[in-house]
A.B. asks: 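A single structure is presented below for examination.
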Amino acid sequence: MSLGRDAAWKRALVEALPGIPSPVCVDLACGTGDVAFLLAGRYPGAVVTGVDLSAPMLAIARERNRSTNVRFERGDLCDLPFPDGSADVVTGSYALRNAPDLRTAIAEVHRVLSPGGVAAFLDFSNPENPHLRFLQFHLLRTWCGLWGLLLHGTPKVHGYVAESLRGFPGRNRMREIFREQGFGVSTERRFFLGITGLLVLRKEVSSTAPGV
């Protein structure tokens, strides 16, 4: 669906992270492990944990794993299985958009990050302009639905991407929500004519996330 660009965007996510010696990394909605393996390459001394709700995805990730510093664990975005302040880096590719409760998921990221820790998220990006949002919605529904039909015999398999953006905040509102939850925005990039975007954030050292 990304015309082969998805792998490059995931590399851009990991390359945008700061140089940290031997960090503890958590990759949310890790799927089959793409970003977790890139994190292990970026930080050879790291401990990397990929988290996903899907047992079949995790099974594939474990089968692919050739890194001794990478493990995979079943877990919920809104109830992460990690102690407070235990991670230096949290990543997610197409993760937060699928969270049952966005604010709770972001609060959980804030909770598990150490003060000054870094979070980076790659996902589809909603424009603020309602006309552009309408156009993007129908473009994604048609394009993703076509690939779902070609690959799986039904447009619903990938057509859900457009539907998942109906209630997802626009770019400006997303930045506001992160700031409200105690994050500062370090880097923002857009890809694919702005349809996808990358946000790199830092947990404010003195911040405490508000209750959710």
Side-chain angles (χ1 to χ4, degrees), residues 2 5-102 104-114 116-125 161 164 174 178 181 183 185-189 191 196-203:
S2 68
R5 298 304 299 159
D6 178 64
W9 301 336
K10 289 176 178 175
R11 288 195 299 270
L13 180 155
V14 173
E15 289 167 2
L17 297 170
I20 305 172
S22 305
V24 174
C25 303
V26 175
D27 183 46
L28 306 178
C30 65
T32 58
D34 290 349
V35 172
F37 300 138
L38 289 172
L39 287 169
R42 174 83 165 84
Y43 302 114
V47 175
V48 180
T49 304
V51 179
D52 204 291
L53 265 181
S54 170
M57 288 282 195
L58 291 172
I60 295 172
R62 290 175 182 132
E63 186 175 338
R64 295 178 65 201
N65 189 14
R66 300 293 181 269
S67 301
T68 57
N69 62 333
V70 177
R71 67 187 179 95
F72 295 96
E73 186 170 337
R74 195 157 188 250
D76 188 334
L77 284 172
C78 295
D79 187 19
L80 294 173
F82 305 104
D84 296 0
S86 59
D88 303 299
V89 174
V90 174
T91 56
S93 53
Y94 317 107
L96 295 180
R97 180 175 44 85
N98 294 309
D101 186 294
L102 177 62
T104 299
I106 294 174
E108 275 292 272
V109 173
H110 187 279
R111 179 185 66 78
V112 303
L113 272 175
S114 59
V118 176
F121 297 104
L122 169 70
D123 213 322
F124 290 91
S125 179
V161 170
S164 71
M174 274 297 294
F178 277 119
Q181 294 286 337
F183 287 97
V185 178
S186 300
T187 303
E188 181 175 8
R189 292 182 62 187
F191 309 107
T196 58
L198 168 64
L199 273 177
V200 181
L201 311 118
R202 188 175 294 275
K203 177 178 176 177

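Quick note: residue numbers are just sequence positions, from 1. Hydrogens, waters and symmetry mates are skipped; everything else that's a heavy atom, side chains included, is used. These figures come from a predicted structure and were not determined experimentally.
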A.B. asks: Can you list the steps and then say if V109 with L28 is a side chain to side chain contact (heavy atoms under 4.5 Å, CB included)?
C.D. replies: CA-CA 9 Å; V109 173; L28 306 178; 3.7 Å; yes

A.B. asks: Measure from the side-chain N and O atoms of N69 to the backbone N and O of A46, and report whether any donor-acceptor pair falls under 3.5 Å.
C.D. replies: yes

A.B. asks: Just wondering, do R189 and T187 contact through their side chains at under 4.5 Å, heavy atoms?
C.D. replies: yes

A.B. asks: Report yes or no: does K203 contribute a side-chain atom to a donor-acceptor pair with the main-chain N or O of G116 at less than 3.5 Å?
C.D. replies: no

A.B. asks: Heavy-atom distance under 4.5 Å between the side chains of L102 and L96, does that happen here?
C.D. replies: yes

A.B. asks: Return the minimal non-hydrogen interatomic distance between G31 and D52, and the atom names on each side.
C.D. replies: N-OD2, 2.8 Å

A.B. asks: Has D88 got a side-chain atom pairing as donor or acceptor with V24's backbone, closer than 3.5 angstrom?
C.D. replies: yes

A.B. asks: Going by atom types only, do Y94 and D6 share a side-chain donor-acceptor pair under 3.5 Å?
C.D. replies: yes

A.B. asks: Once you round to the nearest 0.5 Å, how far does CG of D84 lie from CG of L113?
C.D. replies: 11.0 Å

A.B. asks: Give a yes or no answer on whether the side chain of S54 reaches the backbone of M57 with a donor-acceptor pair at less than 3.5 Å.
C.D. replies: yes

A.B. asks: What heavy-atom pair brings A36 and F72 nearest, and what distance separates the two atoms?
C.D. replies: CB-CE2, 3.9 Å

A.B. asks: Would you say the side chain of V48 lies within less than 4.5 Å of the side chain of F37, judging by non-hydrogen atoms?
C.D. replies: no

A.B. asks: Any side-chain heavy-atom pair from R202 and F183 closer than 4.5 angstrom?
C.D. replies: no

A.B. asks: Are the side chains of L53 and L77 in touch, meaning some heavy atoms are under 4.5 Å apart?
C.D. replies: no

A.B. asks: For D34, is there an ion pair with R64 - N to carboxylate O distance below 4.0 angstrom?
C.D. replies: yes

A.B. asks: If you round to the nearest 0.5 Å, how far is SG of C25 from OH of Y43?
C.D. replies: 6.0 Å

A.B. asks: Do K10 and L122 come close enough that some side-chain heavy atom pair is under 4.5 Å?
C.D. replies: yes

A.B. asks: Can you confirm whether V51 sits close enough to C30 that some side-chain heavy atom of one is under 4.5 Å from a side-chain heavy atom of the other?
C.D. replies: no

A.B. asks: With rounding to the nearest 0.5 Å, note down the distance linking CG in L17 to CG in L39.
C.D. replies: 6.5 Å

A.B. asks: What's the spacing between L198 CG and F191 CZ if we round to 0.5 Å?
C.D. replies: 5.0 Å

A.B. asks: Nearest 0.5 Å, what's the OG-CG distance between S93 and D27?
C.D. replies: 5.5 Å

A.B. asks: Report the distance from atom CG of D123 to atom CE of M174, rounding to the nearest 0.5 Å.
C.D. replies: 7.5 Å

A.B. asks: In terms of ring plane angle, is the pair F121 and F178 parallel, tilted or perpendicular, where the classes change at 30° and 60°?
C.D. replies: parallel

A.B. asks: Is there a side-chain contact between L13 and T91 (heavy atoms, below 4.5 Å)?
C.D. replies: yes

A.B. asks: Please give me the minimum heavy-atom distance between C78 and D76, naming the atom from each residue.
C.D. replies: N-OD1, 2.9 Å

A.B. asks: Could you go step by step and tell me if L201 and V118 meet the side chain to side chain contact (heavy atoms under 4.5 Å, CB included) rule?
C.D. replies: CA-CA 6 Å; L201 311 118; V118 176; over 6 Å; no

A.B. asks: Can you tell me if T49 and R71 form a side-chain donor-acceptor pair at under 3.5 Å?
C.D. replies: yes

A.B. asks: Could you check whether any side-chain N or O of N65 sits under 3.5 Å from a backbone N or O of V70, counting only pairs where one atom can act as donor and the other as acceptor?
C.D. replies: yes

A.B. asks: Do you know the tightest heavy-atom contact between R74 and R62?
C.D. replies: N-NH2, 4.4 Å

A.B. asks: Taking all non-hydrogen atoms of both residues, which atom of R42 and which atom of V14 are closest, and how far apart?
C.D. replies: NE-O, 3.3 Å

